[in-house]
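Only one structure is covered here, and it is reproduced in the block below.
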Amino acid sequence: AQAHIGVTGLAVMGRNLARNFARHGYTVAVHNRTAARTRSLVEEFGDEGTFVPAKTAREFVDALQRPRRLMIMVQAGVATDAVLDEFALLLEPGDMIIDGGNAHFADTRRREAALQERGIHFVGAGISGGEEGALNGPSIMPGGSKESYAVLGPMFETISAHVDGEPCSTHIGSDGAGHFVKMVHNGIEYADMQLIAEAYDLLRQVAQYSPAEIAGIFRTWNKGRLNSYLIEITAEVLSHTDAGTGRPFADVIADAAGEKGTGRLTVQTALDLGSPVTAIAQATFARAASSQPALRAAYRPLPGGTPIPLTRSEAERFTAQVEQALYASKVIAYDQGFKMIQDAALAYRWDIDFGAVAGIWRGGCIIRAAFLDRIRTAHAADPHLVSLLAEPAFAQEITAAQVPWREVVATTARRGVPTPAFTAALSYYDTLRAERLPAALIQGQRDYFGAHTYQRTDKEGSFHTHWARPDRPETHI
Ligand code: NDP
């Protein structure tokens with residue numbers, strides 16, 4: 001036994017992670033259900049480091065140093081269970097299995113509990129950065145036991161992305177915490193992409209800029225507080241011209257957004273936890289609405305808003321307002337994601353360092369952004385920070401942004417440009433800052449039709465009003 005770690009499942013992600021480990025000097029046992037993938041990895045990339053190819057599960061397990069470290073990179077779901085069934089029986093107490101796939105965190109909790117009974121550490125690790133990140137440095141979000149991170153941490157921190165010399169890997173929390181945080185990362189990614197897309201649509205439809213001009217605007221924004229990977233690639237996509245037609249690429253792509261389910265899962269889970277991730281939800285629904293051709297055809301003939309002709313200087317002023325609205329909405333979307341993680345940490349008893357989560361999202365992953373460094377600082381300064389907006393610097397920025405933010409949202413309504421995520425973010429802001437919410441009336445309605453009771457602002461306890469009786473007396477319950 002000589003391998004420091006083994007990787008089974010050698011499609012794009014597993015293959016690149018195995019190469020990443022090998023390039024960093026680790027001896028890597030490699031295995032795949034279909035042996036051809038194992039052979040091709042060693043043939044094509046064998047000179048990048050030391051690989052130990054294994055044909056059978058037994059051979060693979062025997063190649064690993066003890067305690068064994070075995071990473072599974074197969075399709076999430078039934079494939080993961082199939083591989084676990086095959087390998088777990090060959091392992092011994094103290095061995096570690098890392099699931100680097102996109103597992104549902106509830107599955108990870110179940111698998112962890114089952115393997116713990118046999119003394120095997122099961123580590124659900126969220127891995128972000130796609131194919132390229134897996135090879136050159138992903139953001140790694142491992143859950144599982146602290147003991148397992150003591151062994152695996154140094155390896156993860158070696159192969160992960162680094163920002164300012166700091167690794168983009170940290171122990172997130174026990175059992176499914178890592179996969180949960182990866183899921184929310186993807187939810188935030190949906191919101192961020194939708195917000196950027198809405199900003200583009202506004203600059204196009206209201207300010208009448210061309211895609212190439214908007215690419216230039218995004219490049220300028222990328223030098224400021226909005227600096228991020230997603231803004232950077234947006235400028236690339238917008239400046240691309242379709243080779244066949246000579247038209248802007250943005251105009252030849254069908255406007256129906258796809259999804260692989262991670263945004264949806266974030267929203268489904270948020271509903272269970274009671275976490276109001278409205279920007280993430282709107283971003284997910286916006287993709288769904290874009291992919292409903294019959295519904296869109298039914299609405300298309302209906303009247304829209306009024307065109308607003310803008311002079312060049314008005315367009316420039318509007319662009320600056322959109323930057324403010326985008327930034328403010330983005331702060332809200334990220335804040336919603338972090339709050340959802342806090343809600344889950346409470347529900348599942350995960351001891352999560354929120355500052356550290358922001359820290360490992362600064363590099364390697366899709367939402368990597370300059371302002372995550374500030375989110376990190378804010379959460380590090382106050383581990384119990386309920387919201388970024390409770391931190392003076394963010395509060396000041398949002399205060400400065402709010403007039404233009406409202407102006408942009410009002411313009412979109414008048415002009416008839418859809419901005420579900422901008423609008424949801426602003427409504428969320430106004431909901432939470434309100435002195436009194438109409439939730440009081442909802443409680444009244446619920447008590448009227450369902451005797452669901454209510455609480456009062458002036459007395460302790462629960463109350464019910466006998467609505468059917470003419471004098472409507474109130475009972476203290
Ligand atoms: P795929 O999700 O396409 O999975 C293919 C791999 O799974 C192959 O190695 C395949 O083996 C194996 N497999 C499928 N079914 C079984 C089974 N029943 N028993 C054993 N092996 C099986 O590969 P990716 O590399 O794209 O992704 C791997 C994991 O990483 C997934 O969970 C994915 O969600 C996650 N992920 C992917 C990212 C990406 O950008 N692609 C980013 C981050 C995470 P065989 O060759 O024999 O068919």
Side-chain angles (χ1 to χ4, degrees), residues 6-21 28-45 53-61 70-90 97-108 111 122-143 156 159-161 168-169 176 178-190 193 229-230 233 258-266 360-361 363-368:
V7 179
T8 181
L10 301 173
V12 284
M13 289 295 288
R15 181 162 88 148
N16 281 356
L17 278 168
R19 290 172 62 199
N20 190 347
F21 278 117
V28 189
V30 282
H31 172 268
N32 193 68
R33 178 180 62 177
T34 311
R37 279 200 207 267
T38 314
R39 273 200 306 277
S40 91
L41 166 62
V42 177
E43 272 164 26
E44 283 179 61
F45 306 107
K55 282 203 194 73
T56 65
R58 180 86 257 171
E59 250 179 74
F60 181 60
V61 166
L70 186 163
M71 189 161 198
I72 303 177
M73 287 308 297
V74 301
Q75 219 164 12
V78 287
T80 308
D81 281 319
V83 172
L84 280 176
D85 287 347
E86 186 179 5
F87 284 95
L89 292 173
L90 305 175
I97 304 182
I98 307 130
D99 176 15
N102 272 336
H104 189 302
F105 75 97
D107 287 338
T108 302
R111 290 167 183 150
F122 182 73
V123 177
I127 299 182
S128 179
E131 199 176 334
E132 207 267 340
L135 183 62
N136 297 317
S139 178
I140 310 179
M141 295 152 251
F156 289 154
I159 66 151
S160 76
C168 293
S169 171
H179 276 138
F180 188 94
V181 163
K182 167 72 200 304
M183 172 188 75
V184 176
H185 162 283
N186 287 27
I188 293 175
E189 174 186 313
Y190 273 48
M193 291 170 72
Y229 172 70
L230 284 171
I233 66 163
E259 53 129 359
K260 278 191 168 171
T262 47
R264 194 186 338 145
L265 188 57
T266 309
I360 63 162
W361 286 349
C365 63
I366 305 300
I367 64 169
R368 58 186 186 259

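First listed ligand is number 1; within each ligand, the first listed atom is number 1. Both backbone and side-chain heavy atoms feed into the values below; hydrogens, waters and symmetry mates do not. Sequential numbering from 1 along the given sequence is applied to the chain's residues.
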Spacing of [atom1] belonging to [X] relative to [atom2] belonging to [Y], to within rounding of 0.5 Å:
| X | Y | atom1 | atom2 | result |
| --- | --- | --- | --- | --- |
| Thr262 | Met183 | OG1 | CE | 9.5 Å |
| Ile367 | Ser139 | CD1 | OG | 8.5 Å |
| Met193 | Asn186 | CE | CG | 10.5 Å |

Nearest non-hydrogen protein atom, [atom]:
| atom | answer |
| --- | --- |
| atom 48 (O) of ligand 1 | Arg33 NH2, 2.9 Å |
| atom 30 (O) of ligand 1 | Met73 CE, 3.5 Å |
| atom 9 (O) of ligand 1 | Asn32 OD1, 2.8 Å |
| atom 45 (P) of ligand 1 | Thr34 OG1, 3.5 Å |
| atom 6 (C) of ligand 1 | Ala11 CB, 3.9 Å |
| atom 26 (O) of ligand 1 | Val12 CG2, 3.5 Å |
| atom 35 (C) of ligand 1 | Asn102 N, 3.7 Å |
| atom 41 (N) of ligand 1 | Met13 CG, 3.7 Å |

query = Is there at least one protein heavy-atom neighbour under 4.0 Å from atom 3 (O) of ligand 1?
reply = no
Side-chain heavy atoms of [X] within contact of [Y], under 4.5 Å:
| X | Y | answer |
| --- | --- | --- |
| Val30 | Phe21 | no |
| Arg111 | Thr80 | yes |
| Arg19 | Leu41 | yes |
| Ile159 | Ser169 | no |
| His179 | Asp99 | yes |

request  = Considering non-hydrogen atoms only, spot the tightest contact between Asn32 and Leu10 and give its length.
outcome  = OD1-N, 2.8 Å
inquiry  = Does any N or O of ligand 1 fall below 3.5 Å from an N or O anywhere on Gly101, backbone included?
reply    = no
State the atoms of ligand 1, each with its element, that fall below the 4.0 Å cut-off from a heavy-atom position in [X].
| X | result |
| --- | --- |
| Ala79 | 14 (C), 15 (N), 16 (C), 17 (C), 18 (N) |
| Gly130 | 40 (O) |
| Leu10 | 9 (O) |
| Gly9 | 9 (O) |

Contact partition for [X] relative to ligand 1, non-hydrogen atoms under 4.0 Å:
| X | value |
| --- | --- |
| Thr8 | neither |
| Val83 | side chain |
| Arg37 | side chain |

Phe45, CZ: over 12 other non-hydrogen atoms inside 6.0 angstrom = yes
query = Are any of the side-chain nitrogens in Glu86 or Arg33 under 4.0 Å away from the carboxylate oxygens of its partner?
reply = no
message = On a heavy-atom basis, I'd like to know which of Thr38, Ile127, Val74, Asn16 is closest to atom 13 (N) of ligand 1.
response = Val74
